[in-house]
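Heads up: the structure comes next, in structure tokens.
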Amino acid sequence: MTESRLTVDDRLPADYFTRTLHQDVRTGLSAVPRTLPAKWLYDKRGSDLFEQITRLPDYYPTRAEQEILTQRATEIAAITRATTLIELGSGSSRKTRLLLDALTAGGTLRRYAPLDVSASAVKEAGQAICRDYPGLDVTATVADYDTGLPAATAADPAEPGPRLLSFLGSTIGAFDPDERRSFYRTLAGTLGSDDHLLLGADLVKSPDLLVRAYDDTTGVSADFNRNVLHVLNRELGADFDPDAFDHVALWEPEPERMEMRLRARTPQTVTIPDLDISLDLAAGEHIRTQRAHKFRRDTLTTELHAHGLTVHHWWTDPTARFALLLAAPNQ
């Protein structure tokens with residue numbers, strides 16, 4: 001019965017991960033400064049480490065966003081009256097269930113449509129949702145945001161009515177300004193006049209608070225950051241020594257973003273056989289692994305409106321560390 005209410009549309013080519021990893025590593029490590037995309041931090045080990053980070057006292061974003069949703073989910077359901085909840089990212093978190101519970105209690109929700117690059121993540125989440133929400137159909141899409149958004153946001157003729165697209169966790173902070181503008185334009189072009197975007201955004205605050213969130217004293221953040229080197233060793237035959245790199249978390253004031261970097265402790269040469277690369281790193285040289293932009297209300301709402309989306313509701317936790325906003329296509 002569960003399987004009959006779950007469909008999974010896998011739109012990724014068979015070689016997607018291998019091809020993308022090769023391209024990202026070759027391009028990033030030859031750039032100045034050297035970079036590795038944050039998405040490669042999140043294999044099984046990396047995801048488990050990040051889950052540990054979300055429970056640390058100084059890592060506030062997950063708790064702050066969940067606090068807002070706990071207070072506002074019923075209101076969001078009443079405003080949107082969504083028949084479909086579209087979620088970008090895996091749908092197994094407690095935050096997703098707060099929305100599902102509120103929309104189900106409101107009597108409108110009929111379909112849940114998660115989008116993720118991991119087929120196992122969306123299938124596992126979809127099966128759990130079907131089991132726990134017997135009246136709900138789940139139509140999952142396996143794709144990246146670039147290729148999958150049109151499919152995931154396509155209106156279902158069998159389920160007419162408003163849709164709510166959820167993009168939580170301040171994942172928008174990983175996008176650079178040009179990527180954000182393109183993303184907003186795509187959403188504005190695919191969402192209808194009765195649809196809404198629910199967006200989580202981490203806010204600018206004390207640099208000390210931000211650095212502590214990304215560089216805990218227990219070393220979990222450092223292990224998480226160095227995990228990308230374990231991924232390259234395993235997947236590409238590289239010979240990085242993760243222990244030869246220090247974890248660095250920096251606040252960049254002009255772009256108002258946090259950066260995570262790996263800093264070589266000594267001069268070293270690393271080989272990556274699968275890419276036929278030999279990489280010479282100087283002592284103290286950095287490899288950037290993550291950027292996390294932080295936002296202000298005026299600039300974020302202006303940016304959204306300029307690219308097709310008007311913010312109608314803005315909620316924060318009591319100390320204004322994090323914001324949850326509800327937007328709709330410009331009228």
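Just the heavy atoms: all of them, side chains too, but no hydrogens, waters or symmetry mates, feed the values below.
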Open item on the list: So which atom in Val122 and which in Leu115 form the shortest heavy-atom distance, rounded to 0.1 Å?
Closed with: CG1-C, 4.4 Å
Answer yes or no: is there a side-chain heavy-atom contact under 4.5 Å between [X] and [Y]?
X      : Y      : value
Leu199 : Leu324 : no
Leu6   : Tyr112 : no
Val25  : Leu275 : yes
Ser118 : Val142 : no

To the nearest 0.5 angstrom, please state how far the [atom1] atom of [X] sits from the [atom2] atom of [Y].
X      : Y      : atom1 : atom2 : value
Ile287 : Thr35  : CD1   : OG1   : 9.0 Å
His307 : Phe183 : NE2   : CZ    : 13.5 Å
Asp144 : Lys39  : CG    : NZ    : 7.5 Å
Ser221 : Gln290 : OG    : CD    : 9.5 Å
Thr299 : Arg297 : OG1   : CZ    : 11.5 Å
Arg257 : Leu250 : CZ    : CG    : 11.0 Å

Carboxylate-amine/guanidinium contact [X] [Y], below 4.0 Å:
X      : Y      : result
Arg265 : Asp246 : yes
Asp43  : Arg234 : yes
Arg97  : Asp132 : yes
Glu51  : Arg55  : yes
Glu285 : Arg263 : no
Arg111 : Glu87  : no
Asp178 : Arg180 : no

Are [X] and [Y] linked by a side-chain donor-acceptor pair shorter than 3.5 Å?
X      : Y      : value
Asp208 : Ser206 : no
Asp101 : Tyr133 : yes
Asp9   : Thr141 : no

- [ ] May I ask you to check whether Tyr42 and Phe224 place their ring centers less than 6.0 Å from one another?
- [x]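 Centroid distance Tyr42-Phe224: below 6.0 Å, so yes.
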Task: Phe322/Phe295 aromatic ring centres below 6.0 Å - done: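 No; Phe295 has its ring centre 6.0 Å or more from that of Phe322.
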TODO: Would you check, one step at a time, whether the test salt bridge (charged side-chain N to carboxylate O under 4.0 Å, His left out) holds for Asp223 with Arg226?
DONE: CA-CA 5 Å; Asp223 287 344; Arg226 285 191 285 262; 3.6 Å; yes
Open item on the list: Using the rule given for salt bridge (charged side-chain N to carboxylate O under 4.0 Å, His left out), can you reason through Asp24 versus Arg26, listing the C-alpha separation, both sets of side-chain angles and the distance that settles it, and then say yes or no?
Closed with: CA-CA 6 Å; Asp24 286 348; Arg26 187 183 299 279; over 6 Å; no
Open item on the list: Checking Tyr184 against Phe175 for the ring pair (Phe, Tyr, Trp, His ring centres under 6.0 Å) test, could you report, in this order, the C-alpha distance in whole Å, the side-chain angles of both residues, the deciding distance, and whether it holds?
Closed with: CA-CA 11 Å; Tyr184 299 148; Phe175 292 23; 8.4 Å; no
Let me have the donor-acceptor pairs involving side chains of residues 68-76, under 3.5 Å, with sequence neighbours excluded, atom names and distances please.
from	atom 1	to	atom 2	distance (Å)
Thr70	OG1	Gln66	O	2.8
Arg72	NH1	Glu75	OE1	2.8

Open item on the list: Quick check: is Val248 connected to Leu49 through a chain of hydrophobic side chains (ILVMFWY, heavy atoms under 4.5 Å apart)?
Closed with: no
TODO: Test salt bridge (charged side-chain N to carboxylate O under 4.0 Å, His left out) on Lys294 and Asp202 and set out the steps.
DONE: CA-CA 5 Å; Lys294 309 304 173 183; Asp202 198 9; 2.7 Å; yes
Task: Arg291: which of Met258, Met260, Glu259 passes side-chain contact (heavy atoms from CB on, under 4.5 Å) - done: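 Among Met258, Met260, Glu259, the one that satisfies the side-chain contact (heavy atoms from CB on, under 4.5 Å) with Arg291 is Glu259.
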